[in-house]
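Predicted model, so just to flag it, every value in this text is computed and none were measured. Sequence lines set the chain letters: A, B, ... in the order given, protein chains first and strands last, and positions in each chain run from 1.
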Number of protein chains: 2
Amino acid sequence: MSDELRRFKAEIFQALAHPTRIAVVEALRNGELSAGQLIEQLGLEQANASQHFTVLRSKSVVVSRKKGNQVFYSLRDPVLIEVLDILKRYFYAHLSQTMSMMKEIRMEKAVSKK
Amino acid sequence: MSDELRRFKAEIFQALAHPTRIAVVEALRNGELSAGQLIEQLGLEQANASQHFTVLRSKSVVVSRKKGNQVFYSLRDPVLIEVLDILKRYFYAHLSQTMSMMKEIRMEKAVSKK
DNA sequence: TGCGTATTTTCGAAATTTCGAATATACTGT
DNA sequence: ACAGTATATTCGAAATTTCGAAAATACGCA
């Protein structure tokens with residue numbers, strides 16, 4: 001398989017590799033929302049949210065449309081929702097093992113912060 | 001949706017957010033391989049490969065089994081192959097736009113290296 | 001033009017990721 | 001116990017990501 005394709009996949013995964021950005025993608029599941037609506041619904045800090053939007057835009061996970069004062073975001077391709085749904089099933093399929101994995105990850109992070 | 005689930009998804013995406021790790025996952029598509037086989041097939045540096053294996057193991061993307069001298073890796077759940085295949089279709093569905101996006105990303109990286 | 005609202009950009013610090021070099025560990029055969 | 005092979009870990013430097021604070025930009029309206 002081509003190197004280019006692998007790099008592309010890595011870029012997409014990287015774009016999705018943050019809980020906030022996943023929340024954004026999921027919020028857009030049912031259609032476009034303005035930046036402000038996303039920020040409000042998800043309880044984000046304004047500047048930080050905008051930076052996450054930039055990441056998603058730069059990898060073309062979302063597209064934006066300007067309407068007067070505001071910017072509306074939507075998913076470029078709903079296939080990414082499919083991916084999230086697959087992972088949801090994956091999460092529950094291995095629930096108990098997943099939970100202990102998540103606990104471990106949290107503990108590692110707690111340690112690194114000291 | 002739960003915060004925990006979102007964090008989990010982000011962890012998985014993060015685990016896959018590197019071309020080398022994607023190559024590893026794809027190499028395991030048809031069954032387990034030893035660390036050495038992976039390194040040879042993919043032309044990786046030994047220590048670096050081992051570090052990537054650690055990432056994949058820590059997020060339970062792969063599981064390992066020890067057999068004598070060697071360690072055999074396999075995918076925990078083939079559902080992840082599905083995810084990669086979805087992205088492959090996504091790549092080709094938007095091919096021309098994707099290629100120019102990848103070119104832009106390469107240029108940004110080239111700039112940052114100066 | 002000037003004001004208010006919506007959004008993005010820039011800056012700097014902290015945390016995380018990535019890599020190669022060197023070292024360590026584990027297992028096998030002698 | 002020793003040597004050899006397979007794999008993992010540690011270390012330090014460079015690159016990247018993340019965040020909040022502050023500033024900048026864009027648009028609509030008086």
Visitor: Nearest whole angstrom, please: distance from the P of D:dA8 to the CG of B:L44.
Guide: 13 Å

Visitor: So, is A:T54 close to the C:dT9 phosphate, meaning a side-chain N or O under 4.0 Å from OP1 or OP2?
Guide: yes

Visitor: Looking across every strand, which nucleic acid part, if any, lies under 4.0 Å from A:Y73 by heavy atom: base, sugar-phosphate, or nothing?
Guide: sugar-phosphate

Visitor: Closest approach to the side chain of B:A47, judged atom by atom: which nucleotide of D:dT9, D:dG20, C:dA26 is it?
Guide: D:dT9

Visitor: Would one find a side-chain N or O of B:H52 under 4.0 angstrom from OP1 or OP2 of C:dC19?
Guide: yes

Visitor: Could you check whether A:R29 pairs with A:D85 (Lys NZ or Arg NE/NH1/NH2 to Asp/Glu carboxylate O, under 4.0 Å)?
Guide: yes

Visitor: So do the side chains of A:T98 and A:Y92 get within less than 4.5 Å of each other, counting heavy atoms only?
Guide: no

Visitor: Can you check the A:I105 CD1 to C:dT17 P distance for me, whole Å?
Guide: 10 Å

Visitor: Between C1' on C:dT18 and CG on B:L16, what's the gap in Å once rounded to a whole number?
Guide: 17 Å

Visitor: Measuring to OP1 and OP2 of D:dC19, would you say a side-chain N or O of A:N48 lies under 4.0 angstrom away?
Guide: yes

Visitor: Which part of the nucleic acid, if any, lies within contact of A:Q51, taking any heavy atom under 4.0 Å across all strands shown: a base, the sugar-phosphate backbone alone, or nothing?
Guide: base

Visitor: Under 4.0 Å, heavy atom to any atom of DNA chain C: which of residues 56-65 of chain A qualify?
Guide: A:R57

Visitor: Expressed as a whole number of angstroms, how long is the span from B:F13:CZ to C:dT17:C1'?
Guide: 19 Å

Visitor: Identify, between B:N69 and A:E45, the residue whose nearest nucleotide on DNA chain D lies closer to the 5' end.
Guide: B:N69

Visitor: With a 4.5 Å cut-off on side-chain heavy atoms, are B:V55 and B:R21 touching?
Guide: yes

Visitor: Please state how far atom CZ in A:F53 lies from atom C1' in C:dT7, giving the value in whole angstrom units.
Guide: 9 Å

Visitor: Any chance CD of A:Q37 has more than 12 other-residue heavy atoms, nucleotides or ligands included, within less than 6.0 Å?
Guide: yes

Visitor: Run the ring pair (Phe, Tyr, Trp, His ring centres under 6.0 Å) test against B:F72 and tell me which residues pass, sequence neighbours left out.
Guide: none

Visitor: Any side-chain to backbone donor/acceptor pair from B:R6 onto A:A23? Under 3.5 Å, distance only.
Guide: no

Visitor: Roughly, in whole Å, what's the span from CD in A:E108 to P in D:dT9?
Guide: 12 Å

Visitor: Does D:dC19 have OP1 or OP2 sitting under 4.0 Å from an N or O in the side chain of A:H18?
Guide: yes

Visitor: Can you check the A:K67 NZ to D:dA26 P distance for me, whole Å?
Guide: 20 Å

Visitor: Please compare A:S50 and B:G68 by the position of their nearest nucleotide in DNA chain C and report the one closer to 5'.
Guide: A:S50

Visitor: For A:I22 and B:A10, work out which heavy atoms get closest and say how close.
Guide: CD1-N, 3.3 Å

Visitor: Mind checking B:Q46 for me? I need base, sugar-phosphate or nothing, with any heavy atom below 4.0 Å counting as a touch.
Guide: base

Visitor: Does the distance from a Lys or Arg side-chain N to an Asp or Glu carboxylate O, for A:E32 and A:K67, drop under 4.0 Å?
Guide: no

Visitor: Provide, to the nearest angstrom, the distance between the CD atom belonging to A:E11 and the P atom belonging to D:dT16.
Guide: 11 Å

Visitor: Kindly point out which of D:dT18, C:dA6, D:dA6 is positioned nearest to the side chain of A:Q70?
Guide: C:dA6

